[in-house]
Amino acid sequence: MLLKFGFVTISVLLLAQTLPVVGNNLNGTVVSVGDGDTIRVKTGNKTVTVRLACIDAPEMKQNPWGQQSSARLKQLLPVGQGITLRSVETDKYKRLVAEIYVGNRSINVNMVQEGQAVVYRQYLKGCPQSKDSLLQGENTAKQQRLAFWSQANPVMPWDFRHRATQKTTSQAIQPQQQNNCDPSYPDFCLTKNSPDLDCRDISQRRFKVLPPDPHGFDRDGDGIGCEK
């Protein structure tokens with residue numbers, strides 16, 4: 001299949017584009033597309049945010065790859081497009097994590113095959129039916145140096161986020177900074193109103209956590225954050 005994107009025409013072998021749609025399925029309509037792995041969908045009388053399962057698109061600040069990924073997803077999922085969602089879970093941001101199908105074609109796999117997203121191996125167990133297609137599609141995109149993989153030294157989206165969030169943290173609290181530090185984390189200075197973080201986004205481990213714990217670092221409620 002020939003795909004035109006920007007000023008480049010690329011040839012992509014679309015593998016396993018007729019994956020079975022199984023599991024917890026919902027029908028919906030695309031309302032909007034955010035970045036390359038997040039959309040808004042109307043299903044029934046609700047509008048929900050959907051995070052594409054098992055893949056990770058470049059961040060929008062990873063210019064131009066993030067913008068290209070978002071633009072391609074808008075082409076694949078125009079406003080009003082009818083879709084089927086195979087739900088995986090609801091994440092801590094209250095987004096529905098799901099595989100998205102147009103007919104029997106997996107949009108998640110499509111994005112990976114074109115090099116517009118990468119396989120998010122940490123969460124790959126959520127997509128058992130499309131796991132092989134995702135991995136094979138990424139390998140092909142790498143070999144053909146498509147889109148994101150055309151860079152000499154691509155930075156994975158999760159690494160890019162980690163580097164960005166590290167800039168918001170400090171190892172020690174300075175007196176003049178205390179008013180800007182989140183009191184939920186007294187062992188180090190995490191600035192108030194920081195973007196939502198996971199334990200993988202910070203270097204600290206086994207630190208004291210006080211309510212309300214806005215980042216959810218203390219998952220078992222024992223007052224200690226990021227124990228593992």
Side-chain angles (χ1 to χ4, degrees), residues 23-24 26 34-41 43 46-62 66 69-70 85-100 108 117-128 130-131 134-135 154-228:
N24 301 316
L26 296 169
D35 55 20
D37 54 34
T38 309
I39 66 174
R40 293 279 287 170
V41 173
T43 176
K46 295 182 178 179
T47 299
V48 297
T49 299
V50 178
R51 173 69 163 80
L52 275 66
C54 305
I55 72 172
D56 203 4
E59 294 293 302
M60 295 299 284
K61 291 184 179 180
Q62 288 183 271
S69 178
S70 176
L85 303 169
R86 188 194 71 79
S87 61
V88 175
E89 62 178 350
T90 300
D91 68 12
K92 71 174 188 177
Y93 307 117
K94 302 188 184 303
R95 301 175 301 186
L96 176 65
V97 180
E99 289 187 272
I100 298 177
N108 304 50
V118 300
V119 177
Y120 211 161
R121 284 167 170 77
Q122 181 177 349
Y123 301 104
L124 193 54
K125 64 182 180 181
C127 303
S130 55
K131 174 182 176 181
L134 286 165
L135 293 172
V155 177
M156 296 299 103
W158 49 85
D159 289 332
F160 183 86
R161 289 192 296 271
H162 178 73
R163 294 175 188 180
T165 54
Q166 284 285 28
K167 295 179 182 179
T168 70
T169 63
S170 172
Q171 297 298 321
I173 300 176
Q174 300 298 325
Q176 67 272 21
Q177 293 179 325
Q178 288 183 357
N179 290 336
N180 294 323
C181 299
D182 194 320
S184 288
Y185 314 110
D187 291 345
F188 65 102
C189 184
L190 181 65
T191 56
K192 296 176 182 177
N193 301 317
S194 296
D196 272 319
L197 304 173
D198 290 321
C199 288
R200 64 178 180 270
D201 296 324
I202 63 173
S203 60
Q204 291 79 8
R205 291 294 180 269
R206 298 192 60 82
F207 51 85
K208 185 175 182 180
V209 175
L210 303 174
D213 186 18
H215 296 283
F217 292 139
D218 181 15
R219 295 194 174 186
D220 56 5
D222 65 352
I224 304 297
C226 298
E227 296 169 84
K228 298 182 179 179

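Values reported hereafter were calculated over all heavy atoms of this structure, with side chains retained and with hydrogens, waters and symmetry mates removed.
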Any side-chain heavy-atom pair of [X] and [Y] under 4.5 Å:
X      : Y      : result
Asp182 : Ser184 : yes
Ile100 : Ile39  : yes
Asp187 : Gln204 : no
Ser194 : His215 : yes
Tyr185 : Val209 : yes
Pro154 : Phe160 : no
Leu96  : Val41  : no

With a sphere of 6.0 Å drawn around [atom1] of [X], does it hold more than 12 non-hydrogen atoms of other residues, nucleotides or ligands?
X      : atom1 : answer
Lys92  : NZ    : yes
Arg40  : CZ    : yes
Asn193 : CG    : no

What orientation do Tyr120 and Tyr123 show, parallel under 30°, tilted 30 to 60°, or perpendicular over 60°?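 Ring orientation of Tyr120 relative to Tyr123: perpendicular.
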For a side chain to side chain contact (heavy atoms under 4.5 Å, CB included) with Asp56, tell me which candidate from Gln122, Met156, Arg121, Arg161 qualifies.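 When side chain to side chain contact (heavy atoms under 4.5 Å, CB included) is applied between Asp56 and each of Gln122, Met156, Arg121, Arg161, only Arg161 qualifies.
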Evaluate the criterion side chain to side chain contact (heavy atoms under 4.5 Å, CB included) for residue pair Leu190 and Leu197; output intermediate values, then yes/no. CA-CA 10 Å; Leu190 181 65; Leu197 304 173; 3.6 Å; yes
Ion pair check, Arg200 and Asp159, cut-off under 4.0 Å: no
